[in-house]
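Here the structure is laid out as structure tokens; the discussion comes afterwards.
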4 protein chains.
Amino acid sequence: MPARTGTMASAATDGDTGAARRPQRADARQNVTALIDAAKTVFAADGVDAPVRSIADRAGVGVGTLYRHFPQRSDLISAVFRSEIDACVDAAPALEAAYPPGEALDLWIMRYTQFVATKRGLAAALHSGDPAYEPLADYFSTHLAPTLERLLAAARAAGDIQQDVDATELLGAVANLSHGGGPGGAVTPRTDRMVRILLAGLRAG
Amino acid sequence: MPARTGTMASAATDGDTGAARRPQRADARQNVTALIDAAKTVFAADGVDAPVRSIADRAGVGVGTLYRHFPQRSDLISAVFRSEIDACVDAAPALEAAYPPGEALDLWIMRYTQFVATKRGLAAALHSGDPAYEPLADYFSTHLAPTLERLLAAARAAGDIQQDVDATELLGAVANLSHGGGPGGAVTPRTDRMVRILLAGLRAG
Amino acid sequence: MPARTGTMASAATDGDTGAARRPQRADARQNVTALIDAAKTVFAADGVDAPVRSIADRAGVGVGTLYRHFPQRSDLISAVFRSEIDACVDAAPALEAAYPPGEALDLWIMRYTQFVATKRGLAAALHSGDPAYEPLADYFSTHLAPTLERLLAAARAAGDIQQDVDATELLGAVANLSHGGGPGGAVTPRTDRMVRILLAGLRAG
Amino acid sequence: MPARTGTMASAATDGDTGAARRPQRADARQNVTALIDAAKTVFAADGVDAPVRSIADRAGVGVGTLYRHFPQRSDLISAVFRSEIDACVDAAPALEAAYPPGEALDLWIMRYTQFVATKRGLAAALHSGDPAYEPLADYFSTHLAPTLERLLAAARAAGDIQQDVDATELLGAVANLSHGGGPGGAVTPRTDRMVRILLAGLRAG
DNA sequence: AATGAATGAGAATTCATTCAT
DNA sequence: CATGAATGAATTCTCATTCAT
């Protein structure tokens, strides 16, 4: 579990006496941020199984600090992905507003594909069965899935798709298809083509 | 220390047919078989990155023996998959003969899915970029791809599919989709559904 | 498992002066020292190719600790030899001050011989061509060679030697001649005799 | 693959009863020769610690055959060197006849140097203290030493050298000095220079 | 006699994780 | 709180040696 100091702290301590303003708290916060940034880079480069040490080094902190904030590797993975997942979720409304449902669906999936492409090992982690990754899978289910669900419903309502498909399943499938992007993590044309075929499949009767 | 073969046991169990003790020479063949069998099981359980030792142990041979027959890990992987790939290839003609092109295509893909489902890490290995796995990728290209190509061509000729898709790419995509089958390696309904959607996508204009 | 330091023992043995228990942090220094001491002994006994493990064991640390401080074997070798090389270098001035050039040269070479005698495999390492040992060879070149160069120049100026000889080459030759000292590492009379002949050779026209 | 037995009996076995004409004897002889040749090459390339297998492979025989003829590694080393030692010994008379004693001594030593230069690890083996190499050391003592002794005595009688030096010791010293020849095994200028200085040392009063 | 398959003991190296400072 | 030293299990790979065929 990541620094659960931060979450409640924000609101609760905001009203604090103005005096205590530069505690160690801010430091810890900075470390957490640095670690997440470092992990983001390292995960993209070497996959989510990269050595803990390389992440700590890149963040400029000791491994002990990493373990303090992220006792489980999956905690770090979750933390890394959470912000990007959130960004992905946040991208939906604009698409929904600007495009017809079917197109919005497609565009959002492509957006999601880009997110997944840089996460080497993400799909493997999600499907590893390792209980440590359950929180991550849950985050998928509770955040991305509802968004996709909504997009799917709209497209279905518009008559664009007939298939009845589970959003979580579809998220997993697209993640799987995105495997094997180059080291840089770019979406390959290959991935792109396959995802499009899958999307086409949703249209079929 | 050499193979502690049960020399005296041989006479007593001479009538025995199949139960091989611990062989030699001509039975290097048997060791190879045992290794492939062991690897098949271990790969299915722990993925293709499982420790060499665990495979050797399960096969009842020393690691040296494993290395003798399969100097590279990819050699073993290839050996394990080759027979199944061949079986997959061999399954095509019957389907082509018995079903209309589009249906034959679908059925063969499902057959292929079953093969891939038990190979944890297969897709990852194929896409790892590690040159050690190139022979394996080649085997895919030279054996499975032509078969699928033929099925695709027939289906296209029959007007079943419009999409122009590369066979190797499609093989990779289906392999990716098949990730995450349970430890047992069965094709999950989830995988099945996603593959069907992909197949449906091939039909779309 | 971390260092099982004898925490409670400390008070009882507080009066103790030198006998370090199993330290930490600041005592990484002590570990380094212990490793160098252990390596010195092991190298003398089994040569510089002795198993890493045996050195770590003798030092009472894990192999990981050894690797932390000396990532390359040559790093350890260098560390072991450096202090002795330095001692060897430091011995020169006194000799130069107390003896005429020719004699000082001879005495210093004998001193150097004593150093080399306990380093089984040192000469082999120096000549192995293995790039890992280049730092060590460099240390020879940059520390011992100048010293010998100076002694040679003085002896030459005094008319003691006519031969024009490269200091590094001569160091290597003497090291080679010193091979085969008993396990104890003492300078054998045999080595002594051969080195003296070589030194005599330097005098010849 | 079994030995390509029966190369057809040689002239040597002609005296045999005409019946028994295709003995294994000739084959074994051939294998021994092939092994020695192979070992000579491999030793020069990789040193006397080269893997047994590489020698057997190069000789085109199984390792079992190697072990049959040379149960100990030192047996093979001895066998390899013996012929060259003999050649070295045989070179002496011609030099003694054609040159004055001092020059003959120098030339023979240089000849010996050439022999040693291609034997990576020979000197180390001689001095390893491993009892397995005693026969080899003995061969040195009983074959090369007397030759050198004779050359030394002649040079001493001619007034060329004053030093009283043990032949075996001198052989060892020159062998040591020859360490570090390039992979090809050529005598390096460095080695040459040092040996010449040693020889000069023999002249000194 | 020859062969080469099999064995398994080493040896090197990496890395997750703990915990003294 | 942070640090990073220490640990040692785990894993890969090599090679000398034996012995069934």
Side-chain angles (χ1 to χ4, degrees), chain A residues 3 5 23-25 27-28 31 49-54 56-57 60-69 71-73, chain B residues 1-5 7 10 22-32 49-54 56-57 59-69 71-73, chain C residues 1-5 7 22-32 49-54 56-57 60-69 71-73, chain D residues 1-6 23-25 27-28 31 49-54 56-57 60-69 71-73:
Chain A
T5 26
Q24 278 69 15
R25 213 48 138 272
D27 243 46
N31 278 339
D49 290 326
V52 167
R53 172 65 53 112
S54 67
D57 284 352
V61 305
V63 289
T65 304
L66 190 157
Y67 272 96
R68 164 174 291 273
H69 293 296
Q72 306 291 330
R73 173 181 293 264
Chain B
M1 257 149 261
R4 50 254 125 63
T5 321
T7 28
S10 56
R22 173 69 49 64
Q24 204 90 3
R25 195 50 41 79
D27 318 303
R29 185 78 52 84
Q30 289 220 352
N31 274 339
V32 168
D49 290 326
V52 167
R53 173 68 54 119
S54 68
D57 285 352
V61 305
V63 289
T65 303
L66 190 157
Y67 275 99
R68 161 177 286 273
H69 293 296
Q72 308 290 330
R73 175 183 291 266
Chain C
M1 251 151 263
R4 50 248 125 65
T5 320
T7 28
R22 172 68 50 64
Q24 205 89 2
R25 196 48 43 80
D27 318 304
R29 184 79 51 83
Q30 289 221 352
N31 273 338
V32 168
D49 290 325
V52 168
R53 172 67 55 119
S54 68
D57 285 352
V61 305
V63 288
T65 302
L66 190 158
Y67 274 98
R68 161 178 284 274
H69 294 296
Q72 308 291 329
R73 175 183 291 266
Chain D
M1 242 156 281
R4 355 111 213 129
T5 331
Q24 278 71 11
R25 211 47 139 273
D27 242 47
N31 277 339
D49 290 326
V52 167
R53 171 64 54 111
S54 67
D57 285 352
V61 305
V63 288
T65 303
L66 190 156
Y67 273 96
R68 162 176 292 274
H69 293 296
Q72 307 292 329
R73 175 182 291 264

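None of the values given here were measured: they were computed from a predicted structure. Naming: A, B, ... by sequence-line order, numbering from 1 per chain.
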Assign each of A/R53 and C/A50 to its nearest nucleotide of DNA chain E by heavy atoms, then name whichever residue's nucleotide is nearer the 5' end. C/A50
Identify the heavy atoms of D/A50 and D/S54 that sit nearest to each other, and give their distance. CB-OG, 4.3 Å
Nucleotide nearest [X] when distance is taken to its side chain, options [options]:
X: D/H69; options: F/dA2, E/dA6, E/dA2; value: E/dA2
X: A/Y67; options: F/dA9, E/dT17, E/dA9; value: E/dT17
X: C/T65; options: F/dT7, F/dA9, F/dT18; value: F/dT7
X: C/V63; options: F/dA9, E/dA6, F/dA2; value: F/dA9
X: D/R68; options: E/dA6, E/dA1, F/dT12; value: E/dA1

Contacts of D/V52 meeting side-chain contact (heavy atoms from CB on, under 4.5 Å) (sequence neighbours excluded), chain-then-number -> D/V63, D/L66, D/Y67, D/R73
Separation of [X] atom [atom1] from [N] atom [atom2], in whole Å?
X: B/R29; N: E/dA6; atom1: CZ; atom2: P; result: 12 Å
X: D/D57; N: F/dC15; atom1: CG; atom2: P; result: 12 Å
X: B/Q30; N: F/dA20; atom1: CD; atom2: C1'; result: 15 Å
X: A/L66; N: F/dC1; atom1: CG; atom2: P; result: 16 Å
X: A/D49; N: E/dT17; atom1: CG; atom2: P; result: 12 Å

Taking the nucleotide of DNA chain F with the closest heavy atom to each, which residue, D/R73 or A/G64, is nearer the 5' end? A/G64
The answer to which of D/P51 and A/N31 contacts DNA chain F further toward the 5' end, by nearest nucleotide, is A/N31
Dot-bracket line, read 5' to 3' along DNA chain E, where crossing pairs take [ ] and | marks a partner on another strand, Watson-Crick or G-U under 3.5 Å: .||||||||||||||||||||
